[in-house]
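Below is one structure; the comments refer to it alone.
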Amino acid sequence: MERIPILRIGTLLLVTIQVDLYDDLALRLQDDLSNRIAELEATGVLIDISGLEIVDSFIGRTLANIAAIARVLDAETVVVGMQPAVAITLVELGMSLPGIRTALNVDLGMEYLRQAATGENGVGTDHYAE
Amino acid sequence: MVKLLKMMRENQERLLTDWLNGLKAIAQRRDLISDVEVREQARKILTLISNPPPDTVLEDFSSEGWQTVRDQLMAISISRVAHGSSPSETAQFLFSLKPPMFKLIREQLTTTPDELFREIDVTNNFIDAMALHIAESYIESRDKVIARQQEEMLELSTPVVTLWDGILALPVIGTLDSTRAQMVMESLLQAIVQTNSRFAILDITGVPTVDTLVAQHLLKTITAARLMGAECILSGIRPQIAQTIVHLGINLNDIVTRSKLADAFRLALDRSGRTVTQKPGNHTPVTAPAAGVS
Amino acid sequence: MRTVSEQIITRSEVLPIRTQIDLVHVRQRVRTWLSEERFTLIDQTKIVTAASELARNALEHGGGGEMEMSLLAVGARKGIRLKFSDHGPGIADISKAMKDGYTTAGGMGLGLSGSRRLMSEFEIQSSPESGTVVTVTRWK
């Protein structure tokens, strides 16, 4: 069965999505991530979607679910590398994914997760403006 | 027919001289295009017409054999558009070939009046066809120029500037219609990726009015930037526009706004962990130096 | 109004929508066509996303069906039309189904309303006898 690999770096989990994401594969990723967060007591999850050509409502919902599940399991999630065309389309579609933290690239995403783990803040972008 | 082309070949230099003299006589604006260039263009046309591929006849300008002439006319029209000549000036260039041609035919093809008339008729129609072609090419070239300029205008109207490492600004000037708003959104998001900027300031000081549609576009841009991991700060909302926004019931609660671009910049610096301080003992003068007073 | 008679279909293809893998295939075929026809990257992304939403609807609510993809030309203007048909139970209240957030399958309910915003034209027909047909068009 096809699976998206999950990398562990310290207490962080790193996922790079490079294949065309079909629904079951996305759901499997959600399952796997939930298990790994609990098993490894991870403090953060980074999902790199720079390789995704589209994010439709299903994929968007899965990302939101992963972030929500991770939060319940006491881990932060950050989604990085969304392409401009994908972002414009998602907004037009009506999905602004308010519960998801985002960062421009893997480096900034990792920096955010490390700071979040030590209680600092300031790198990722969150929606709750001021 | 064949005789006509042969005659043109044999008298090419004379035709060229007469043609150019005729052009000078009708006083084309010679400041627009140099004599050398006109001469070169005229010579090329004459050479191409008098040496067509076999079985190519003057009676049918649209035939395959005249493709090289049509291409040359296209090239001339492009140069005329670039030099700012008018369409009639451009067509006149070819019409001026008629008198020298007719004169030559009358002198050299002294057979029967019928034949003379036929040759003149063929020549006349051929030159007309060329003039029509160059006029159409002229319009085609000019349309292309206009389309390119419109595109450039759109691009110029959305300049994304880097204020600091990781901080971008996009000062929007003029009315935002749907096309421009789309363009603003695309160039800002593209610049965010290219420069890896975490902060983007959208300054609307130069936007005269904001209606629901424009506000929606701005909101979409800001939301899309956030999805990519960048934070947008909206600055330059004039009091009138603030009133309109509230009046229209547009919700800007989730958006960070500042009244001035400078304030937005300061906020972005602050958020990225930077502060601006003044060096001790280096104060800005309170009054400007009295320049030009004697 | 653009009438049907002026439109010329220059290319056409039918793809099945029976499994999740078909859905991926639909996205890839639409993407290939659009890049061949030189649609901008943003247009490509919007159209492929709409195709993904509507194909999923046909699969999940209609029990599967097919997508007919056609390339249109009206004068110099080009467009792409995607027609999704299923043989499911149909939609009882279309205007309700078109609203943001309406969902029967536990999703976010953005399939129909969202893809309408991503495309230039949107048309929907539904009945319990013949299932649901959604036709969307986007002009270059």
Side-chain angles (χ1 to χ4, degrees), chain A residues 1-4 16-32 34 48-69 71 77 79-100 102 127, chain C residues 17-32 34-35 39-61 64 82 84 98-120 122 136 138:
Chain A
M1 201 160 41
E2 197 181 356
R3 286 199 133 80
I4 295 169
T16 306
I17 305 174
Q18 273 165 333
V19 293
D20 216 326
L21 210 52
Y22 55 90
D23 297 2
D24 278 350
L25 191 59
L27 290 176
R28 220 169 289 150
L29 176 66
Q30 183 181 314
D31 273 356
D32 289 352
S34 314
D48 178 6
I49 60 162
S50 57
L52 276 189
E53 287 184 331
I54 68 154
V55 171
D56 63 9
S57 64
F58 188 87
I59 303 171
R61 190 165 76 237
T62 308
L63 292 173
N65 285 346
I66 290 173
I69 293 166
R71 200 166 297 131
T77 304
V79 172
V80 309
M82 188 184 288
Q83 298 295 327
V86 174
I88 291 173
T89 303
L90 259 184
V91 172
E92 209 76 53
L93 191 64
M95 280 196 112
S96 53
L97 301 175
I100 294 185
T102 53
H127 200 38
Chain C
I17 305 171
R18 308 233 168 273
T19 64
Q20 283 188 12
I21 302 301
D22 286 345
L23 228 121
V24 173
H25 192 60
V26 160
R27 298 204 286 242
Q28 287 169 346
R29 279 306 287 164
V30 175
R31 171 77 71 177
T32 307
L34 293 170
S35 76
F39 277 73
T40 65
L41 181 63
I42 288 177
D43 279 354
Q44 288 183 29
T45 311
K46 286 182 177 173
I47 299 167
V48 173
T49 307
S52 182
E53 297 294 336
L54 295 171
R56 184 180 291 106
N57 272 354
L59 182 65
E60 292 191 349
H61 307 305
L82 306 173
F84 298 83
M98 287 305 301
K99 284 198 182 116
D100 269 0
Y102 175 83
T103 173
T104 50
M108 285 182 123
L110 292 169
L112 287 179
S113 55
S115 40
R116 178 187 220 169
R117 282 191 292 270
L118 293 173
M119 302 296 281
S120 324
F122 185 100
V136 289
R138 190 168 170 111

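Keep in mind that what you see is a predicted model, and the values were worked out from it rather than measured. Below, chain A is the first sequence line, B the second, and so on; all start at residue 1.
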Practice task
Would you check if the side chain of C:Gln20 reaches a backbone N or O of A:Asp24 as a donor-acceptor pair within less than 3.5 Å?
Solution key: yes

Fill in the blank from the handout: Of the listed A:Ile54, A:Ile59, A:Val86, the one with the largest count of heavy-atom pairs under 4.5 Å with chain C is A:Ile54

Handout entry: Minimum side-chain heavy-atom gap C:Lys46-A:Ile88 below 4.5 Å
Key = yes

Handout entry: C:Thr49 side chain near A:Leu93 side chain, heavy-atom distance below 4.5 Å
Key = yes

Practice task
Tell me, please, which residues at least two apart from C:Arg117 pass side chain to side chain donor-acceptor pair (under 3.5 Å).
Solution key: C:Asp100

Practice task
Report yes if the side chains of A:Asp20 and C:Gln28 come closer than 4.5 Å at any heavy-atom pair, otherwise no.
Solution key: yes

Handout entry: Donor + acceptor pair across side chains of C:Thr45, A:Glu53 (<3.5 Å)
Key = no

Exercise for the section: Sequence neighbours left out, what passes side chain to side chain donor-acceptor pair (under 3.5 Å) with A:Asp23? Give chain and number order. Expected result: C:Arg56

Practice task
Take A:Asp56 and C:Arg27 through the test side chain to side chain contact (heavy atoms under 4.5 Å, CB included) and record every step on the way to the result.
Solution key: CA-CA 11 Å; A:Asp56 63 9; C:Arg27 298 204 286 242; 3.5 Å; yes

Exercise for the section: Can you tell which part of C:Ser115 gets under 4.5 Å to a heavy atom of chain A, answering side chain, backbone, both or neither? Expected result: backbone

Handout entry: A:Tyr22 and C:Leu23: CA distance, side-chain angles, deciding distance, side chain to side chain contact (heavy atoms under 4.5 Å, CB included) verdict
Key = CA-CA 8 Å; A:Tyr22 55 90; C:Leu23 228 121; over 6 Å; no

